[in-house]
2 protein chains.
Amino acid sequence: MLPTHCLCTKLRRATRSVNRLYDDALAAVGLNAAQYSLLRNLERLERPSITSLAEAMGLDRSTLGRNLRVLEGKGLLALEGGEDQRNRLVSPTAAGRACLDQARAAWERVQEQLGQRLGPEKRSALMALLDELENLG
Amino acid sequence: MLPTHCLCTKLRRATRSVNRLYDDALAAVGLNAAQYSLLRNLERLERPSITSLAEAMGLDRSTLGRNLRVLEGKGLLALEGGEDQRNRLVSPTAAGRACLDQARAAWERVQEQLGQRLGPEKRSALMALLDELENLG
DNA sequence: GGCAACTGCGGGTATATACACGTATTTATG
DNA sequence: CATAAATACGTGTATATACCCGCAGTTGCC
């Protein structure tokens with residue numbers, strides 16, 4: 001693999017690599033990393049609208065809308081209209097909650113394993129740097 | 001934006017954010033960050049095959065094959081068969097090289113700007129951490 | 001030399017992602 | 001109240017990404 005000094009390329013590469021790790025760990029429960037993240041965020045909000053869930057995740061609304069369809073198709077969440085007839089509120093189904101419970105265990109294993117490989121200093125340094133990068137725009 | 005402890009999610013978020021920065025910087029020359037990276041790698045190899053270019057970039061071959069088509073459609077690179085009738089060799093066109101020259105200046109600006117915002121210590125710490133993450137599998 | 005194994009690719013499929021545009025609904029303004 | 005502005009979505013389009021499968025060409029082995 002050719003080395004690069006480009007921060008963007010390095011980030012992209014590292015993300016693909018780590019993403020693969022999490023994807024593999026979650027494959028047994030039928031989720032990928034992005035889907036797990038979506039369900040986790042959904043769990044922490046009270047029947048959010050598509051827009052507010054997208055904001056919580058830092059994703060474009062139309063992106064999230066499409067991601068939701070995939071999980072809706074798997075029967076893991078439901079989209080129902082609220083009082084405001086414009087928006088659709090997202091909530092996990094029973095299957096979605098059950099799936100998330102299983103996924104959480106798998107996630108904890110890979111997260112822990114990665115943390116061990118990095119060691120606590122690098123791990124927290126990385127976290128801090130990523131926070132900083134996230135808040136650029 | 002909801003905070004998360006998930007390394008994968010944090011990486012994905014930070015990458016999207018930084019990627020946007022580079023995309024914006026490169027938009028004036030009609031490239032995005034991934035395309036710039038592709039052309040840069042192509043510049044550094046001698047008429048690589050699709051497979052070897054994919055390996056150099058750490059991308060799946062079929063992914064790279066599709067990415068190549070986009071740049072081929074823009075007239076920035078050409079795919080020609082070599083002696084081995086199985087593979088197709090990739091080379092930049094004159095337009096591709098010209099485009100890359102322009103893109104390089106834009107890239108340097110955004111790379112420098114990001115480096116300044118981080119400061120030299122964080123910048124090199126980040127680089128080192130990303131290298132480490134890239135080499136996990 | 002002929003068949004088996006390997007290599008290099010393209011295509012199918014699925015997903016994630018973003019931006020621009022249009023539409024329906026709600027709110028604000030005069 | 002009527003119209004303008006703002007809000008919430010969906011769709012169209014484009015791109016990046018990966019995995020699997022199959023085909024064609026090459027190599028190796030006997």
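Keep in mind that the numbers below use all heavy atoms, side chains included, and drop hydrogens, waters and symmetry copies. No experiment lies behind these values; they were computed from the predicted model shown. Numbered from 1 within each chain, the chains take letters A, B, ... in sequence-line order.
- Atom pair A:Arg12:CZ and C:dA18:P shows a separation of 12 Å (rounding to whole Å applied).
- Follow the hydrophobic side-chain contacts under 4.5 Å out from A:Leu21 and you never reach A:Met1; the two are in separate clusters.
- Note on A:Val70: it does not cluster hydrophobically with A:Tyr36, by side-chain heavy-atom contacts below 4.5 Å among ILVMFWY residues.
- A donor-acceptor pair is defined here as one N or O able to donate and one able to accept, closer than 3.5 Å; no such pair exists between the side chain of A:Ser17 and the backbone of A:Arg13.
- Residues of residues 88-99 of chain A having a heavy atom closer than 4.0 Å to DNA chain C: none are found.
- When the side-chain nitrogen and oxygen atoms of B:Gln85 are compared with OP1 and OP2 of D:dT26, one or more of them lie within a distance under 4.0 Å.
- Cluster membership for A:Ile50 and A:Leu38, using ILVMFWY side-chain heavy atoms within less than 4.5 angstrom, is shared.
- Between A:Glu43 and A:Arg104 there is a salt bridge, with a side-chain nitrogen of the basic residue lying less than 4.0 Å from a carboxylate oxygen of the acidic one.
- Salt-bridge check for A:Glu80 with A:Arg88: failed, with every basic side-chain N at 4.0 Å or more from each acidic carboxylate O.
- Using a 4.0 Å cut-off on heavy atoms, the residues of residues 16-36 of chain B that approach DNA chain C are B:Arg16, B:Arg20, listed by number.
- The separation between B:Arg86 atom CZ and D:dG22 atom C1' is 16 Å, rounded to whole Å.
- Taking both residues in full, the closest heavy atoms of B:Thr4 and B:Lys10 are given as O-NZ, 3.4 Å, listed atom of the first, atom of the second, then distance.
- For the pair A:Glu132 and B:Lys122, the salt-bridge criterion is met [side-chain N within less than 4.0 Å of a carboxylate O].
- Panel note: side chain B:Thr93, backbone B:Leu76; a donor-acceptor pair is recorded below 3.5 Å.
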Verdict with reasoning, A:Leu71 to A:Leu39, per side chain to side chain contact (heavy atoms under 4.5 Å, CB included)
CA-CA 9 Å; A:Leu71 294 179; A:Leu39 287 180; 4.1 Å; yes
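- If you check residues 47-73 of chain B against DNA chain D, the residues with a heavy atom closer than 4.0 Å are B:Leu59, B:Asp60, B:Ser62, B:Thr63, B:Arg66, B:Asn67, B:Val70, listed by number.
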